[in-house]
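All residue numbers in this chain count up from 1 along the given sequence. Owing to the predicted nature of the structure, the values given are computational and were not obtained by experimental measurement.
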Amino acid sequence: MSTRPLLSIDRLRVEYPVRNRPPFTAVDDVSLAVGPRETVGLVGESGSGKTTIASTVLGFVPAAAGTIEFDGEDIAGADRGRRRRLSASLQVVFQDPYSSLNPARTIGKTLAETLRPHGSPSRPEVAQRVASILERVGFEPAAANRYPNQFSGGQRQRIAIARALIARPRLVICDEPVSSLDLSVQAQVLNLLRGLQEELGLSYLFISHDLAVVRHVSTRVVVLYRGRVMEAGPAAVVYEQPAHPYTRALLESVPIPDPDRQRARRAARPRSAPGLPVTAARESCRFAPRCPWAVDVCREREPPAEATTEGVLVACHRWREWATVRSREKI
């Protein structure tokens, strides 16, 4: 099997124009790769640049700098025709399945529409592929004759997954695919995605604000903050031994189902460093205004990405000192 990444993003920068002001940099110098049959989690708060990266990979937003390669081909500047052909191999599952499904069309017609740009299969072949993909996501073939409003939220997300997979892609971008679902349905959808990955040999770029969710489906994790990579490495290591204070903050934001432990954790949480401005200068660490470990060097220059002994890349001036303190604590 080839060791070449299926998707490779190198030093990507994405800018949005702002009237009478310099452009806003939403993604700055981001690099990541997704290998065959691998799931890479892209995690961060709202505004971190996760969806912008996905939109750029899909061709919805242009890249200001950097490269995006799919199976060795640079697709950052692909034209509309190439994008249409590329969609057979590169698909997306959006956060809100209802808004992405046409309420006036049956599920069968919606799924069949996805096949239109990819040749001209006969009606029997289309019907067979629709029935087959519906069965794979847990429906009877008769569900093809129903409309989106006749399904629950979890069922609609299964339909959105079916629509992404009917074209037989190699990479699926999952943009917050379970954030609008309750916990029990989240688990069902995540298990479905993992099962389909094993069955069909899929690769996923899995986007979420919830590091706990990402941990359960991802091989590797990339943590973003304000358009920059704070930490990246094996999912289990990043979750159990976070090397960056921002990663730890994300983990601590996940509620614990025990009021006493939650209260104690909140009381023990360190506060932001005093005297720091609300916004950091461009040449400083982006997380410095919120970081309880920030010192002068954090305000003076941006930290380089350094490798830890656990194979994690971390962009923090003080990660070695913080690791010493962290080793004495139970996260």
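- With contacts defined as side-chain heavy-atom distances shorter than 4.5 Å, the pair Val172/Leu193 does not qualify.
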(message) Apply side chain to side chain contact (heavy atoms under 4.5 Å, CB included) to residues Val27 and Thr56 and explain how you reach the verdict.
(response) CA-CA 10 Å; Val27 175; Thr56 307; over 6 Å; no
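- Looking at every heavy atom in both residues, Ala63 comes nearest to Leu12 through CB-CD1, 3.6 Å.
- With sequence neighbours left out, Tyr246 forms a ring pair (Phe, Tyr, Trp, His ring centres under 6.0 Å) with Tyr225, Phe287.
- Taking CD from Glu240 and CG from Leu251, the interatomic distance works out to 9.0 Å, rounded to the nearest 0.5 Å.
- In this structure, Tyr16 is a member of the same hydrophobic cluster as Val18, with clusters built from ILVMFWY side-chain heavy atoms closer than 4.5 Å.
- Side-chain contact, Glu38 with Thr219: no donor N or O sits under 3.5 Å from an acceptor N or O.
- Between Val126 and Ala112, the closest heavy-atom pair is CG1-CB, 3.6 Å.
- By the side chain to side chain contact (heavy atoms under 4.5 Å, CB included) test, His216 pairs with no residue at all, sequence neighbours left out.
- We find that Asp28 and Arg13 are not joined by a salt bridge, their nearest charged nitrogen and carboxylate oxygen being 4.0 Å or further apart.
- For the pair Ser208 and Val213, the tightest heavy-atom approach, listed with the atom from each and the gap, is OG-CB, 4.4 Å.
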(request) Applying side chain to side chain contact (heavy atoms under 4.5 Å, CB included), run through Val221 and Arg215 and close with a yes or a no. (result) CA-CA 8 Å; Val221 171; Arg215 180 216 183 184; 5.9 Å; no
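- Residue pairs meeting the side-chain hydrogen bond (donor to acceptor under 3.5 Å, both in side chains) criterion with at least one partner in residues 167-177, sequence neighbours excluded, are Thr51-Asp175, Asp71-Arg170, Glu176-His209.
- Residues Glu310 and Val237 come closest through the heavy atom pair CB-CG1, 3.6 Å.
- A salt bridge is absent between Asp79 and Arg82; no separation between the charged side-chain nitrogens and carboxylate oxygens falls under 4.0 Å.
- Residues Val57 and Leu90 form a side-chain contact, since some pair of their non-hydrogen atoms from C-beta on lies under 4.5 Å apart.
- Note that the CD1 atom of Ile207 and the CZ atom of Phe94 stand 10.0 Å from one another [nearest 0.5 Å].
- Screening Val238, Leu42, Val40, Val43 against Val214 for a side chain to side chain contact (heavy atoms under 4.5 Å, CB included) leaves a single residue, Val43.
- Here side-chain hydrogen bond (donor to acceptor under 3.5 Å, both in side chains) pairs that include residues 182-195, with residues two or more places apart or in two chains, are Asp182-Ser184.
- Side-chain contact between Val14 and Ile53: absent, with no pair of heavy atoms (C-beta onward) separated by less than 4.5 Å.
- Counting heavy atoms from C-beta on, the side chains of Val93 and Gln157 come closer than 4.5 Å.
- The CG atom of Asn145 lies 12.5 Å from the CD atom of Glu140; values are rounded to the nearest 0.5 Å.
- Note that the CD1 atom of Ile166 and the CD1 atom of Ile161 stand 14.0 Å from one another [nearest 0.5 Å].
- Here the side chains of Leu134 and Ile107 are in contact, with some heavy-atom distance below 4.5 Å.
- Between Val137 and Ile159, the closest side-chain pair of non-hydrogen atoms is not below 4.5 Å.
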(request) Quick one: do Val229 and Leu313 satisfy side chain to side chain contact (heavy atoms under 4.5 Å, CB included)? Show the steps, please. (result) CA-CA 9 Å; Val229 175; Leu313 287 176; over 6 Å; no
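- Of all the heavy atoms in Leu58 and Arg83, the pair that sits closest is C-NH1, 3.3 Å.
- Using a 4.0 Å cut-off between a side-chain N of Lys or Arg and a carboxylate O of Asp or Glu, Arg163 and Glu113 do not qualify as a salt bridge.
- Here the side chain of Lys50 pairs no donor or acceptor atom with the backbone of Val223 at under 3.5 angstrom.
- Applying the side-chain hydrogen bond (donor to acceptor under 3.5 Å, both in side chains) rule to pairs touching residues 196-205 yields Thr39-Gln197, Arg136-Glu199, sequence neighbours excluded.
- In this structure the side chain of Leu171 never reaches within 4.5 angstrom of the side chain of Ser89, judged on heavy atoms.
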(request) Check step by step if side chain to side chain contact (heavy atoms under 4.5 Å, CB included) holds for Gln241 and Thr308. (result) CA-CA 11 Å; Gln241 305 173 50; Thr308 72; over 6 Å; no
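- Of all the heavy atoms in Pro141 and Ala131, the pair that sits closest is CB-CB, 3.9 Å.
- Screening residues 137-182 for ring pair (Phe, Tyr, Trp, His ring centres under 6.0 Å), with sequence neighbours left out, gives Phe139-Phe151.
- When side chains are defined from C-beta on, Glu125 does not count as touching Leu115, because their heavy atoms never get closer than 4.5 Å.
- One finds the CZ atom of Arg286 at 15.0 Å from the SG atom of Cys291 (value rounded to the nearest 0.5 Å).
- A distance of 3.5 Å separates CD of Glu231 from OG1 of Thr247, quoted to the nearest 0.5 Å.
- Distance alone, capped at 3.5 Å, places no donor-acceptor pair between the Ser8 side chain and the Ala33 backbone.
- Between Arg4 and Glu69 no salt bridge is recorded (no basic side-chain N to carboxylate O distance below 4.0 Å).
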